[in-house]
Amino acid sequence: YNLSDLSQAAGNTAAKIDETTLATQLSILSSPLLIEETLKEVYKREDISEGEIKDFYKNVMIVPVNKSLVLTIVFKSESAEEAAQIANVHAQNFIDYRMNARKEQIEVINKWLNEQVAKLKEDSQVKGQAVQEFRGKTGILLGPDAQNLIYEQISELTKQLVPVETQKIVLQSKVDAFNADSAQST
């Protein structure tokens, strides 16, 4: 069974060969716990002896393919079918193990991100409250949005300006009328 997607299952996306990743993959594939899981699945029983695990070690060969992160798992057995089954089950258990480990990492990262978002929301609320308090102390008004506030202020000033302009025109006409009467009387 050729693990052509091993590097992807192991979470490595780099094109160059990473010796640490390769050593980690080989270590996991050779771990007694993964071997025990494989044997439990193949033999369909829970009680696996140390002797069976040692026999597995003697009969398995895990080899990198052409200086890559791809590994081939070969298992020696009298039955070619049994050898293929054991190699395939072991490879699938490795992929499942790596996917579960990745899922756990993602859960940890999601938890941390959610905590950070909650902190940022709380910080934003505190700062928003501080801005509101500052506006209240300084008398800064805020409309539904800043642009509407400007239009509201312009509109209010225009409303106040109209009566003043009207009164100015009335007073100017009285001054003009007075000046015209004064000019005629002299």
Engineer: Do Gln92 and Asn88 get their side chains close enough for a donor-acceptor pair, meaning under 3.5 Å?
Structural biologist: no

Engineer: Salt-bridged, Arg45 to Glu52, with N to O below 4.0 Å?
Structural biologist: yes

Engineer: Roughly how far apart are Leu39 CG and His90 NE2, rounded to 0.5 Å?
Structural biologist: 9.0 Å

Engineer: If two hydrophobic side chains count as joined below 4.5 Å and joins carry through other members, does Leu33 share a cluster with Tyr43?
Structural biologist: no

Engineer: How far apart are the closest heavy atoms of Ala87 and Ile73, and which atoms are they?
Structural biologist: CB-O, 3.7 Å

Engineer: Calculate, to the nearest 0.5 Å, the distance between atoms CG and CD belonging to Asn100 and Gln105 respectively.
Structural biologist: 11.5 Å

Engineer: So, for Val63 and Met61, which heavy atoms are closest and what is the spacing to 0.1 Å?
Structural biologist: CG2-CG, 3.8 Å

Engineer: Are Tyr57 and Leu29 joined in one hydrophobic group, where the rule is that I, L, V, M, F, W and Y side chains link up if heavy atoms are under 4.5 Å apart?
Structural biologist: yes

Engineer: Please name the pair of heavy atoms, one in Ile35 and one in Ser30, separated by the smallest distance, quoted to 0.1 Å.
Structural biologist: CD1-O, 3.6 Å

Engineer: First locate atom CD1 of Ile62, then atom OG1 of Thr72, and finally report the distance between them rounded to the nearest 0.5 Å.
Structural biologist: 10.5 Å

Engineer: Does anything in residues 107-117 pair up under side chain to side chain donor-acceptor pair (under 3.5 Å), and if so which pairs, sequence neighbours excluded?
Structural biologist: none

Engineer: Does one hydrophobic cluster hold both Leu171 and Val162, with members joined at side-chain heavy-atom distances below 4.5 Å?
Structural biologist: no

Engineer: Less than 4.5 Å apart, side chain to side chain, heavy atoms only: is that true for Pro64 and Leu22?
Structural biologist: yes

Engineer: Look up atom CD in Gln85 and atom CD in Glu41, then write down how far apart they are to the nearest 0.5 Å.
Structural biologist: 8.5 Å

Engineer: For Val117, what are the other residues in its hydrophobic cluster, where any two members join if their side-chain heavy atoms are less than 4.5 angstrom apart?
Structural biologist: none

Engineer: Can any side-chain N or O of Ser31 pair as donor or acceptor with the backbone N or O of Leu34 at less than 3.5 Å?
Structural biologist: yes

Engineer: Does Ser27 use its side chain to pair, donor to acceptor, with the backbone of Ala23 at less than 3.5 Å?
Structural biologist: no

Engineer: Quick one, Phe94 with Gln25, criterion side-chain contact (heavy atoms from CB on, under 4.5 Å). Give me CA distance, side-chain angles, the key distance, then yes/no.
Structural biologist: CA-CA 9 Å; Phe94 171 76; Gln25 292 171 352; 4.0 Å; yes

Engineer: Show which side-chain atoms of residues 121-131 pair as donor or acceptor with protein atoms under 3.5 Å away, not counting sequence neighbours.
Structural biologist:
| from | atom 1 | to | atom 2 | distance (Å) |
| --- | --- | --- | --- | --- |
| Asp123 | OD2 | Lys127 | NZ | 3.2 |

Engineer: Could you see if Ile109 belongs to whatever hydrophobic cluster contains Met99? Use Ile, Leu, Val, Met, Phe, Trp, Tyr and a side-chain cutoff under 4.5 Å.
Structural biologist: no

Engineer: Start with the C-alpha distance between Val164 and Gln160, add both sets of side-chain angles, then the distance that settles side-chain contact (heavy atoms from CB on, under 4.5 Å), and finish with yes or no.
Structural biologist: CA-CA 7 Å; Val164 171; Gln160 293 173 9; 5.9 Å; no

Engineer: Applying side-chain contact (heavy atoms from CB on, under 4.5 Å), run through Val60 and Val74 and close with a yes or a no.
Structural biologist: CA-CA 6 Å; Val60 72; Val74 178; over 6 Å; no

Engineer: How long is the straight-line distance from CD1 of Ile106 back to CG of Leu113, given to the nearest 0.5 Å?
Structural biologist: 11.5 Å

Engineer: Looking only at heavy atoms, which two atoms of Lys40 and Glu46 are closest? And how far apart?
Structural biologist: CE-O, 3.2 Å

Engineer: Between Leu71 and Val65, does the side-chain contact (heavy atoms from CB on, under 4.5 Å) criterion hold? Intermediate values first, please.
Structural biologist: CA-CA 6 Å; Leu71 299 173; Val65 176; 6.0 Å; no

Engineer: Which heavy atom of Lys58 sits nearest a heavy atom of Lys76, and at what distance?
Structural biologist: O-NZ, 4.1 Å

